[in-house]
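In what follows, residues are counted from 1 in the order of the sequence shown.
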Amino acid sequence: MELEKFSYDNKIVKYFIIATVIFGVVGMLVGLTAAIQLFYPIFNFDLQYTTFGRIRPLHTNAIIFAFVGNAMFAGVYYSMQRLLKTRMFSDALSWINFWGWQLIILAAAISLPLGYTTSKEYAELEWPIDIAIALIWVVFGINMIGTIIKRREKHMYVAIWFYIATFVTVAVLHIVNSFEVPVHFMKSYSWYAGVQDALVQWWYGHNAVAFFLTTPFLGLMYYFLPKAANRPVYSYKLSIIHFWSLIFIYIWAGPHHLLYTSLPDWAQSLGVVFSIMLIAPSWGGMLNGLLTLRGAWDRVREDPVLKFMVVAVTCYGMSTFEGPMLSLKNVNAIAHYTDWIVAHVHIGGLGWNGFLIFGILYWIIPRMWGTKLHSISLANTHFWIGTLGIIFYALPLYVAGVTQSLMWKEFNAEGFLEYKNFLETVVQILPMYMLRAIGGGLYLIGTFIMTYNLIKTAKSGSFIANEATEAPAMMKEVKQAGGGWHHNVLERKPVLFTVLTVVAILIGGVIEMVPTFLIKSNVPTISSVKPYTPLELHGRDLYIREGCVNCHSQMIRPFRSETERYGEYSKAGEFVYDHPFLWGSKRTGPDLHRVGAKYPDSWHFYHMLDPGSVSAGSIMPAYPWLYEQVIDKGLTADMINALRTVGVPYEEGYEDIANDELDAQALEIVKNLREQDGIEAVPESEIVALIAYLQRLGTDIKVKPEQAAQN
């Protein structure tokens, strides 16, 4: 059989690897800074652009999309060419993919500290960047599908299945979750409101973890782990079951992030059921990876690549067991809004994604530079320091999470909350935050060691930009004996395979979301709930800009401990005008849904200027710029029009008088400040607008008198 000569494109892989390492270090440095801010607030640097609320989303985006995203592209471009026995479909598309992705990361790095954010977790980037992400993702997809179509190897190996699922699902998730109406160039309002927005966001958020941080890395595991171990995948049949069950079940599990919230109970229950079912395919994949090492365990003790990969797959198993357990309502009642969830996420991020990336880099770079790894000893040192970092990171946060929950829920013998002051729980876990920062520091030191080792490795060899190879042209398909429908036939039909993948991932999302959007009884309205006033809208946008939702929830769950501490539990109808929703996912500070009218205006004024002056022991940063900067009243009409477009019932022409109402409400707050404590404030200042918003929260429904007294 005549062989065709061609070459693999290693240069694109090299550039993605360089970006991976650089952004990994940057993202981890930002994360370490945020970790230190939680016990040493001076690390907020008293700057508008470096507060925890602004750099926390910078950290998550840098790690997810810059570090892990670039590593995913590097691994896919390297493995796909070799699995399909062809060069990528288009070198030009490869480079558009690379530079486009780096520009998106740059845009995120600039816009998030500036306060341009949608506030939706893992989807904080504003609408122009969302469009750019969609376009570059399509470029990646065209390049991938084109490569599959022109392949020489007719059979599509299991890794390719996961790459296909990643492309189509991330595209659907990103587009649906990013429906928003622009107010101006870098400001928009979510198309969805309240309960519906929460459901769409966590359908996206959970499955962004599933299909950006999990499925592509399962594909990489199926390629690089057998290569590193020099063993075939343990079970072909298990890989089939793993793939199809995983992509079908995963998409249903998003509502487990919203247990005990205002989401309809049937949607919560669906999320729980499918989350428990996820254990089976997830552990099937883990076992398939670990059992691939049968007969190679002696090498694991000496080979750092296999060490990293074994711990990565083990962390995947731990995370995918813990996730379903956390979705059980009785466990979720304890863990949600605590640091337990942060620990859970980082077992996956540091262990599964991080360690698998490190293992791949240690394996791939010597081969691309035609040399040997500079130092096995340094790689092993990196492994042990990194492992110790994960332990020091996660274990203290598990302790912190359980401590928080127990303190929040504890009642004394007289039936009153033992720890009425939320700050008592914060002070108690500060040592755990310090240990977490030590763990993060160790993990970062390991990454620096790896960077040095990889640079020295590359310098000792010569980069192979175009790796020459040869393979036979793809044979015409031969009809299977017996004509049965077998999975190996499906693996030869990429278009059909992709269509079936799309069907599998759409079913769950459609069944969960359509009733929530079309059946009005799922989100009952409350007649007393009215749209925000113009000044409150400006204040809400400031609340979003400053990232307050990263530390404060706005969702009181129906537990006695929460209704005693905060007030009446939250109702779905209270959020019908919230674009976007702001329920939060972590309580570093107390819930704010009933904070309206709880304190005088002067309390909020002092609290934002110097939190410690009114809340002793607070770790919240100060916001002095709110007192110097003024709101842009020129945007008020555009804000009203945009919200009317998404269904908020502002009357036609209201935008023409909105600023008059804004001025009147601002003057009332200024008057209150003067009367309460002799404070002189500028009506147009940002602090006045923020006070207006905070004083509105939770006041649309009547609160029982005894609850009002307790608060």
(message) Can you list everything that forms a ring-ring contact (aromatic ring centres under 6.0 Å, His included) with His257? Sequence neighbours excluded, please.
(response)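 So His257 forms a ring-ring contact (aromatic ring centres under 6.0 Å, His included) with Trp202, His206.
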(message) Checking side chain to side chain contact (heavy atoms under 4.5 Å, CB included) between Glu684 and each of Leu662, Asp632, Val630, which is the one that passes?
(response)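 It is Val630, the one option of Leu662, Asp632, Val630 that forms the side chain to side chain contact (heavy atoms under 4.5 Å, CB included) with Glu684.
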(message) Test of understanding: with salt bridge (Lys or Arg N to Asp or Glu O under 4.0 Å), list the residues that count as partners of Asp578, not counting sequence neighbours.
(response) Arg540
Could you grab the distance from atom [atom1] of [X] to atom [atom2] of [Y], nearest 0.5 Å is fine?
X      : Y      : atom1 : atom2 : value
Leu537 : Arg696 : CG    : CZ    : 9.0 Å
Glu546 : Thr117 : CD    : OG1   : 11.0 Å
Ile505 : Thr215 : CD1   : OG1   : 10.5 Å
Ile133 : Ile136 : CD1   : CD1   : 10.0 Å
Thr118 : Ile544 : OG1   : CD1   : 8.5 Å
Leu361 : Thr451 : CG    : OG1   : 9.0 Å

Go through the side-chain N and O atoms of [X] and [Y] and say whether any donor and acceptor fall under 3.5 Å apart.
X      : Y      : value
Glu126 : Ser188 : yes
Tyr163 : Ser79  : yes
Gln81  : Asp9   : no
Gln37  : Tyr433 : no
Asp197 : Ser190 : yes
Asn177 : Tyr192 : no
Ser262 : Ser570 : no
Trp583 : Gln201 : no
Ser90  : Asn143 : no

(request) Decide ring pair (Phe, Tyr, Trp, His ring centres under 6.0 Å) for Phe162 and Phe243; before the verdict, give the C-alpha distance in whole Å, the side-chain angles of both, and the deciding distance to 0.1 Å. (result) CA-CA 7 Å; Phe162 282 99; Phe243 174 76; 5.1 Å; yes
(message) Can you give me the closest heavy-atom contact between Gly27 and Ile63, atom names plus distance?
(response)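 Residues Gly27 and Ile63, closest heavy atoms: C-CD1, 3.7 Å.
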Please tell me whether [X] and [Y] form a close aromatic pair, meaning their ring centres lie under 6.0 Å apart.
X      : Y      : answer
Phe358 : Tyr443 : yes
Phe43  : Phe45  : yes
Phe179 : Trp191 : no
Phe575 : His593 : yes
Tyr78  : Phe16  : no
Phe224 : Phe217 : no
Phe65  : Phe212 : yes
Trp95  : Tyr15  : yes
Phe140 : Phe73  : yes

(message) Does Arg54 form a salt bridge (Lys or Arg N to Asp or Glu O under 4.0 Å) with Glu124? I'd like the steps, not just the answer.
(response) CA-CA 11 Å; Arg54 297 208 188 188; Glu124 291 93 348; over 6 Å; no
(request) Determine, stepwise, if the pair Lys586 / Glu121 fulfils salt bridge (Lys or Arg N to Asp or Glu O under 4.0 Å). (result) CA-CA 11 Å; Lys586 171 73 170 68; Glu121 209 154 351; over 6 Å; no
(message) One pair to check against side-chain hydrogen bond (donor to acceptor under 3.5 Å, both in side chains): Tyr543 and Glu536. What are the steps and the verdict?
(response) CA-CA 10 Å; Tyr543 184 96; Glu536 291 162 0; over 6 Å; no
(message) For the CG atom on Asp46, are there more than 12 heavy atoms of other groups (residues, nucleotides or ligands in this structure) within a distance under 6.0 Å?
(response) no
(request) Report, as yes or no, whether the 6.0 Å neighbourhood of atom OH on Tyr116 holds more than 12 heavy atoms from other residues, nucleotides or ligands. (result) no
(request) Mark yes or no for whether Thr636, through its side chain, and Lys633, through its backbone, hold a donor-acceptor pair below 3.5 Å. (result) yes
(message) Check this for me: does any side-chain nitrogen of one of Asp591 and Arg587 sit under 4.0 Å from a carboxylate oxygen of the other?
(response)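 Here Asp591 pairs with Arg587 in a salt bridge, since their nearest N and O are under 4.0 Å apart.
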(request) Report the C-alpha distance between Asp638 and Lys187 in whole Å, list the side-chain angles of each, state the deciding distance to 0.1 Å, and finish with yes or no for salt bridge (Lys or Arg N to Asp or Glu O under 4.0 Å). (result) CA-CA 11 Å; Asp638 293 334; Lys187 175 64 183 175; over 6 Å; no
(message) Can you confirm whether Val576 sits close enough to Val523 that some side-chain heavy atom of one is under 4.5 Å from a side-chain heavy atom of the other?
(response)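 The answer is yes; the side chains approach within 4.5 Å.
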(message) When you measure from the centre of the six-membered ring of Tyr650, is the NZ or CZ of Arg644 closer than 6.0 Å and no more than 45° off the axis?
(response) no
